[in-house]
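See below for the structure under consideration.
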Amino acid sequence: PSPGDSDTNLVNNVKSNPEHPFLTPIYNNLAVSSGGLLNFKEELYWYDRALELTEDPYYTISIKHNKGVAHTLLKDYDKAITLLSEIKKDEILEEYPNVKARIIDSLGYAKWLKNNNENVLEDYNEAIKIFSENKDYFGLSTVYDHLFEYYKTTDPQKALEYAYKKIDITQQSNNTEGQLNALKRI
């Protein structure tokens with residue numbers, strides 16, 4: 001057998017089995033890639049395909065969260081808020097506090113984007129508390145970014161404080177992309 005034979009066999013096996021267990025993560029990765037290319041409608045398509053194949057509660061809640069974020073990026077705030085509000089109530093989140101915090105943060109962000117007068121600080125503070133307790137630096141980086149946006153027109157000094165917090169947390173976690181993003185803010 002040649003070196004690529006096992007890879008080819010695996011691909012053919014996945015292709016010939018529409019319920020192959022590898023398809024959920026493959027579809028999820030295709031969704032993430034589509035989102036990275038700013039093709040959010042295609043991203044939603046692949047998330048839906050992934051959801052069709054999984055019964056795993058962790059995958060289901062994570063994929064639904066990602067769908068909520070994609071709806072937010074499409075400026076379909078009502079769909080995002082409805083979906084994120086629905087999954088925020090799921091009992092499985094007690095087992096996955098970081099996912100819960102991501103949902104809380106994303107929900108707050110979607111609400112605020114829909115209505116800039118919406119007070120979502122309670123959501124952001126709850127997310128910060130959970131992320132901090134669990135040393136989730138990526139999550140903290142994201143919520144600090146959302147707080148920067150929240151304050152940039154009403155309290156530019158406070159916005160700047162969150163940009164610096166993002167720089168600190170991204171340096172601690174060696175997140176160079178996050179550092180560059182934060183540096184653009186100052």
Side-chain angles (χ1 to χ4, degrees), residues 28-29 31-44 47 61-90 93-94 96-186:
N28 188 62
N29 287 336
V32 171
S33 296
S34 297
L37 296 171
L38 308 181
N39 189 341
F40 304 119
K41 288 183 180 184
E42 184 174 313
E43 178 181 16
L44 288 169
Y47 284 138
I61 206 88
S62 295
I63 293 167
K64 286 182 177 182
H65 167 255
N66 292 344
K67 279 186 68 173
V69 171
H71 282 298
T72 300
L73 294 168
L74 282 167
K75 299 182 180 179
D76 193 348
Y77 303 125
D78 290 328
K79 275 188 183 175
I81 292 166
T82 299
L83 180 58
L84 294 167
S85 296
E86 176 187 304
I87 63 173
K88 181 182 172 191
K89 300 172 192 169
D90 197 305
L93 293 176
E94 296 311 311
Y96 304 102
N98 293 357
V99 176
K100 179 179 182 176
R102 279 186 178 77
I103 292 167
I104 292 166
D105 173 51
S106 297
L107 177 59
Y109 189 57
K111 287 178 183 176
W112 178 76
L113 286 172
K114 180 181 178 186
N115 174 5
N116 287 20
N117 295 318
E118 181 88 21
N119 184 349
V120 293
L121 289 177
E122 190 175 306
D123 292 331
Y124 290 148
N125 288 328
E126 183 178 358
I128 287 171
K129 181 178 183 290
I130 296 169
F131 287 140
S132 296
E133 288 171 356
N134 292 282
K135 295 180 174 41
D136 183 336
Y137 301 125
F138 180 80
L140 282 169
S141 170
T142 302
V143 75
Y144 290 157
D145 207 40
H146 292 163
L147 281 161
F148 171 86
E149 289 186 42
Y150 181 87
Y151 282 115
K152 76 178 174 187
T153 56
T154 60
D155 190 344
Q157 185 58 43
K158 195 149 189 109
L160 198 56
E161 289 173 24
Y162 282 106
Y164 281 112
K165 283 185 177 196
K166 180 173 176 125
I167 289 170
D168 288 343
I169 208 73
T170 55
Q171 285 175 339
Q172 287 178 39
S173 61
N174 295 317
N175 176 351
T176 53
E177 184 178 339
Q179 288 175 42
L180 289 173
N181 181 294
L183 287 169
K184 291 177 191 173
R185 304 283 199 190
I186 54 176

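When reading the values below, keep in mind they use all heavy atoms of this one structure, side chains included, and skip hydrogens, waters and symmetry mates.
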Report yes or no: does S33 contribute a side-chain atom to a donor-acceptor pair with the main-chain N or O of N29 at less than 3.5 Å?
yes

Is there a side-chain contact between Y162 and K166 in this structure, where contact means two heavy atoms from C-beta onward sitting under 4.5 Å apart?
no

Measuring from K111:NZ to N119:CG, what's the distance to the nearest 0.5 Å?
10.0 Å

Could you pull out the closest heavy-atom pair between D123 and G108, with the gap in Å?
OD2-CA, 3.6 Å

Salt-bridge test for K64 and D90: reply yes if a basic N is under 4.0 Å from a carboxylate O, no otherwise.
no

Taking side chain as C-beta onward, heavy atoms only, is K100 less than 4.5 Å from Y96?
no

Report the C-alpha separation of T153 and N116 in whole Å, then their side-chain angles, then the decisive distance to 0.1 Å, and conclude whether the side chain to side chain contact (heavy atoms under 4.5 Å, CB included) test is met.
CA-CA 10 Å; T153 56; N116 287 20; over 6 Å; no

Between L121 and Y151, is any pair of side-chain heavy atoms under 4.5 Å apart?
yes

Minimal heavy-atom distance between L140 and S132, with the atoms involved, is CD2-OG, 3.6 Å

Check the pair T72, F40 against side chain to side chain contact (heavy atoms under 4.5 Å, CB included), reporting the backbone distance first and the verdict last.
CA-CA 10 Å; T72 300; F40 304 119; over 6 Å; no

Distance in Å, I81 CD1 paired with S106 OG, rounded so as to fall on 0.5 Å steps:
11.5 Å

Straight-line distance of S141 OG to I169 CD1, nearest 0.5 Å:
8.0 Å

Are E133 and P97 packed together at the side-chain level, in the sense that at least one heavy-atom pair is separated by less than 4.5 angstrom?
no

Under a 4.0 Å N-O cut-off, is there an ion pair linking E161 with K165?
no

Pairwise distance CG(L83) to NE2(H65) - rounded to 0.5 angstrom:
9.5 Å

Kindly assign one of parallel, tilted or perpendicular to the pair H146 and Y109, based on the angle between their ring planes and the thresholds 30° and 60°.
parallel

What one should report as the nearest heavy-atom pair of A101 and F131 is CB-CE2, 3.4 Å

So L74 and K79, do their side chains get closer than 4.5 Å, heavy atoms only?
no

Between atom CD1 of I103 and atom OG of S85, what is the distance when rounded to the nearest 0.5 Å?
10.5 Å

List the atom of I87, the atom of L93, and the distance in Å for their closest heavy-atom pair.
O-CD1, 3.3 Å

D105 and A127 have their tightest heavy-atom pair at CB-CB, 4.0 Å

Hey, does the Lys NZ or Arg CZ of K67 hover above the aromatic six-ring of Y47, less than 6.0 Å from the centre and inside 45° of the axis?
no

In terms of the angle between their ring planes, are Y150 and W112 parallel, tilted or perpendicular, with boundaries placed at 30° and 60°?
tilted

Short side-chain to backbone donor-acceptor contact, N134 and I130, under 3.5 Å:
yes

With a 4.5 Å cut-off on side-chain heavy atoms, are K88 and L84 touching?
no

Any side-chain heavy atom of D145 within less than 4.5 Å of one from E149?
yes

Specify the closest pair of heavy atoms between L44 and A70, including all atoms of both residues, with the distance to one decimal.
CD2-CB, 3.7 Å

What distance do Y124 atom OH and T142 atom OG1 have between them, rounded to the nearest 0.5 Å?
11.0 Å

